[in-house]
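Values reported hereafter were calculated over all heavy atoms of this structure, with side chains retained and with hydrogens, waters and symmetry mates removed. So that the names make sense, note that chain A is the first sequence line, chain B the second, and so on, each numbered from 1.
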There are 2 protein chains.
Amino acid sequence: MLPSKNSYTDIKEIVLARIRDHTWPPGSIIPGEIELAEEFGCARATVNRAMRELAEDGILDRKRKAGTRVNKSPVRHAKFAIPLVRIEVESTGAAYRYTLLNKKIFIAPAWLRARLSLGDSAEVLHLQCMHFADNTPFQFEDRWINIDAVHNIENADFTTIGPNEWLVNEMPFTDVEIAFSARVADKKLAEYLSLSIGEPVFTTERITWLSGTPITFARFSFGRGYSLKTRF
Amino acid sequence: MLPSKNSYTDIKEIVLARIRDHTWPPGSIIPGEIELAEEFGCARATVNRAMRELAEDGILDRKRKAGTRVNKSPVRHAKFAIPLVRIEVESTGAAYRYTLLNKKIFIAPAWLRARLSLGDSAEVLHLQCMHFADNTPFQFEDRWINIDAVHNIENADFTTIGPNEWLVNEMPFTDVEIAFSARVADKKLAEYLSLSIGEPVFTTERITWLSGTPITFARFSFGRGYSLKTRF
DNA sequence: ATATGCCTTATGTCTAGTCATAATATATAC
DNA sequence: GTATATATTATGACTAGACATAAGGCATAT
């Protein structure tokens, strides 16, 4: 029986403390919600919220009937904000500028069909564009859009607004896959980003789907020294 | 007045749909929880949960009294799992092997003191180690630990268990900063990771604190072709 | 021994309230 | 006009219940 004042954040703290001092060692099952609610002198819903959030953070593993366990390998979850490039640039105080380099409709190449599970003759809109911060190259965007899946695509000219921003506003999506990697600058990329050939380039790739239908594949290549940060 | 069956996920869907079809354009204020609860025929708590989760996802911006607004720049949040290297390697089916390369106590160098806000004569334990997947280099770990902040550090020899795994099990932390970037392989790194000098290396850096006290700084350099993926 | 279905149980979700708190808007005092 | 106190209001947190659902375990029939 603990003192009266117990919020769900307090409960989270207590549970975390018990995990850290090995009262509840990794892999062990912890008492049920009802029992904990009694111990903490609060409603089960309050315990539930605390436990749910700890499970979302990867600290606990919950299963109906099976109960709640302390996660064996403390997989931490880092949350990254994925803002629009424009916002990201503007938030540094720099002026944002956008340029469309290429825009053309293709039959999807084999590698793209494989990535997006597209049919043999699927048409895609291929766009290449640059995002600048105070006129220094910030990001090169290489994007393919599945034309069949995106309504209204013919009404977008992408000369003033980037495909990312357009899609975010016009096109809903349900699933996203993001990958981060380090790549080598080839001739084209070096030229666009004012790099030397062979320089490392921080790259993110994104695929989005709308309930199973692939919408778009995009590769973002960042300028020299870019670093994606998060704190939590 | 909508049909009866309304869960908080349904409400999220409806709200998202209204944002996407511009019923509630970006920046606009949306009806209060009580009003929405009436419309959807459910309790305010249910609307609250839907709205809270949408706010956590960066879709909405909520403030007491001010009300709930559609976020102007739809900042999406990507969640990455940060597992232990060992688990990451083992999950690919490969055999994990760990080697300690160096272990020595130093007076913290200036750049580290600046990063961790350490005093002039603070002592740090510097460790370098390798993580292998099936005997191919997977990750090089370069780690500095603030000795004053970590109890029991003298009892850890780090020959069989990596510092990351040891710290996760022994040392609580409250704040983490993670940065991702692409770097160039220098001579040492190329040697450790079986790369050529100048090759791009995917790098993550991590700093952790325990309620304001810096615990450790670590830089992880990954082998060729590594890519950090997430899906949500 | 094995497969099927039922029962139990812990979590998941929900309701209809209450009280708390932060931020705005308004009224008041100077 | 400006600063300060006050009322209002929307979200935040919580309670004590309820029913839903998934999954483990047990009993039964084959």
>> Measure NZ/Lys63(B) against C1'/dA13(D) and give the value in whole Å, please.
In response: 20 Å
> So, does Tyr226(B) use its side chain to make a donor-acceptor pair with the main chain of Ala182(A) at under 3.5 Å?
Replying inline: no
> Between dG12(C) atom C1' and Asp61(A) atom CG, what is the distance in whole Å?
Replying inline: 15 Å
> Do Arg52(A) and dT13(C) share a donor-acceptor pair, side chain to base, under 3.5 Å?
Replying inline: no
> Backbone N or O of Ile59(A) within a donor-acceptor pair of the Asp57(A) side chain at under 3.5 Å?
Replying inline: no
> Given atom CZ of Arg69(A) and atom P of dA23(D), what is their separation to the nearest angstrom?
Replying inline: 15 Å
>> At less than 4.0 Å, is any side-chain N or O atom of Thr46(B) found next to OP1 or OP2 of dT13(C)? Yes or no.
In response: no
> Given dA13(D), is OP1 or OP2 found less than 4.0 Å from the side-chain N or O atoms of Arg49(A)?
Replying inline: yes
> Does Arg62(A) place a side-chain N or O at less than 4.0 Å from the phosphate oxygens OP1/OP2 of dA10(C)?
Replying inline: no
> Given atom CD of Glu38(A) and atom P of dA16(D), what is their separation to the nearest angstrom?
Replying inline: 12 Å
> Nearest to the side chain of Glu33(A), which nucleotide is it out of dT15(D), dT11(C), dA23(D)?
Replying inline: dT11(C)
>> dT15(C), OP1 or OP2 - any side-chain N/O from Arg44(B) closer than 4.0 Å?
In response: no
> If you measure from the Lys or Arg side-chain nitrogens to the Asp or Glu carboxylate oxygens, is any gap between Glu33(A) and Arg62(A) under 4.0 Å?
Replying inline: yes
>> For Ala45(A) and Pro31(B), find the nucleotide of DNA chain D closest to each by heavy atoms; which residue's nucleotide sits nearer the 5' end?
In response: Pro31(B)
>> Tell me the interatomic distance from Lys12(B), atom NZ, to dG12(C), atom P, rounded to whole angstroms.
In response: 15 Å
> Any side-chain donor paired with an acceptor under 3.5 Å for Ser221(A) and Arg183(A)?
Replying inline: no
> Given atom CD of Glu53(A) and atom P of dG12(D), what is their separation to the nearest angstrom?
Replying inline: 12 Å
>> As a quick check of understanding, evaluate side-chain hydrogen bond (donor to acceptor under 3.5 Å, both in side chains) for Arg143(B) and Thr216(B), giving each step before the final call.
In response: CA-CA 7 Å; Arg143(B) 181 178 291 271; Thr216(B) 178; 3.0 Å; yes
> Of all the nucleotides listed (dG12(D), dG12(C), dT15(D)), which has the minimum atom distance to the side chain of Asn48(B)?
Replying inline: dG12(D)
> Closer to the 5' end of DNA chain D via nearest nucleotide, is it Thr68(B) or Arg64(A)?
Replying inline: Thr68(B)
>> Can you tell me if Tyr8(B) touches the phosphate of dC14(C), counting only side-chain N or O atoms and a distance under 4.0 Å to OP1 or OP2?
In response: no
